[in-house]
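All chains are named by letter (A, B, ...) in the order of the sequence lines, taking the proteins before the strands, and each is independently numbered beginning at 1.
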Number of protein chains: 2
Amino acid sequence: MNKVFKALSDPTRRHVLELLRTGPMTAGELSDHFEVSKPTMSAHFAVLREADLVDAVKSGRSITYRLKMSVLEDALLSFAGVFGLKIDSNNKEGSSS
Amino acid sequence: MNKVFKALSDPTRRHVLELLRTGPMTAGELSDHFEVSKPTMSAHFAVLREADLVDAVKSGRSITYRLKMSVLEDALLSFAGVFGLKIDSNNKEGSSS
DNA sequence: GATATATTTAGATAATTAGCTAAATATAAA
DNA sequence: TTTATATTTAGCTAATTATCTAAATATATC
């Protein structure tokens, strides 16, 4: 959980997760969205992997990253929960309040 | 919002916020819950103030810190929102799905 | 006014971090 | 089997961070 918050503390890494929300992408595709070098992006991917926020699957010469939504959700949920906030895990747009 | 996530990346600071969830406390009272020195705690308080997650009111020779719940909530809400997660701001325990 | 209490500021250090270029690895294609 | 592509690893640097002790500030009490 600490690793998750550490991972989320960098805006580039948060943006990577946002890019992955709609589906998996390769390291290269992700890198194309940022101004920093590939090795720098690779280091960010490593932090995200270490926090278990993404998984990486190699196919051919590229590596496809996928968001581990449940890990992100659990971290936000358990932290928010301490403050009496609840996270609704419904992906649906139109639910309660 | 970046400052909020930066502030949340440290476990001591997250713990401070948790201590404040039930009500305001002075710098000294908060510090008593941790093993680190007062100046170190003071620096953590400064980061939390800078992120606008707490406010500080001086009365007499102590300083009372109070959690700015709405700021914490807004940050979690807007980030979680990107991923289709919803945070329920009801303090109530027993609400919906 | 002197002393005690609460907190911050100053100044230092060690560890971590985000960034870079260059090189290594692995796979695919020519 | 050479060359091109995708990604990571190695090695470096500058900036930031968490921590400390000592000193400063501000307020209260004696």
Here the distance between atom P of C/dT7 and atom CD of B/E29, to the nearest Å, is 8 Å
Atom CZ of A/F5 and atom C1' of D/dA18 are separated, to the nearest Å, by 19 Å
A/K58 NZ to D/dT5 P, in whole Å, measures 17 Å
Taking B/S31 for the side chain and B/A27 for the main chain, is one N or O donor matched with an acceptor at less than 3.5 Å? yes
*Using the six-membered ring wherever Trp is involved, compare the ring planes of A/Y65 and A/F45 and label them parallel, tilted or perpendicular (cut-offs 30° and 60°).*
tilted
Are any of A/S42's side-chain N or O atoms less than 4.0 Å away from OP1 or OP2 of D/dT8? yes
The residue, B/S59 or A/A46, whose nearest nucleotide of DNA chain D is more 5′ is A/A46
In whole angstroms, the gap separating C1' of D/dT7 from CG of A/D32 amounts to 13 Å
Looking at every strand, decide which applies to A/T26 at a 4.0 Å heavy-atom threshold: base, sugar-phosphate, or nothing.
sugar-phosphate
- For the pair A/R13 (side chain) and A/A7 (backbone), establish whether a donor and an acceptor sit closer than 3.5 Å, ignoring hydrogens and angles. yes
_Go through it in stages, so that I can follow the logic: the residues are A/H44 and A/F34, the test is side-chain contact (heavy atoms from CB on, under 4.5 Å), and I'd like the CA-CA distance, side-chain angles, deciding distance and then a yes or no._
CA-CA 12 Å; A/H44 283 307; A/F34 300 87; over 6 Å; no
Original post:
So, for A/F5 and A/F79, is the gap between ring centers shorter than 6.0 Å?
Top reply: yes
- Taking NZ, NE, NH1 and NH2 as the nitrogens, is one of them in A/D55 or A/R66 under 4.0 Å from a carboxylate oxygen of the other? yes
message: Can you tell me if B/R49 touches the phosphate of C/dT8, counting only side-chain N or O atoms and a distance under 4.0 Å to OP1 or OP2?
response: yes
Taken to the nearest whole Å, CD1/B/I63 to P/D/dA26 is 11 Å
To the nearest angstrom, the CZ-C1' distance between A/R61 and D/dT5 comes to 4 Å
For nucleotides 11-21 of chain C, 5' to 3', base contacts (B), sugar-phosphate-only contacts (S) and non-contacts (-) with protein non-hydrogen atoms under 4.0 Å give -------SBBB
Check: According to a strict under-4.0 Å criterion, is A/Y65 in side-chain N/O contact with OP1 or OP2 of D/dT8?
Finding: yes
Heavy-atom nearest pair, A/A51 first then A/V71, reads O-CG1, 4.0 Å
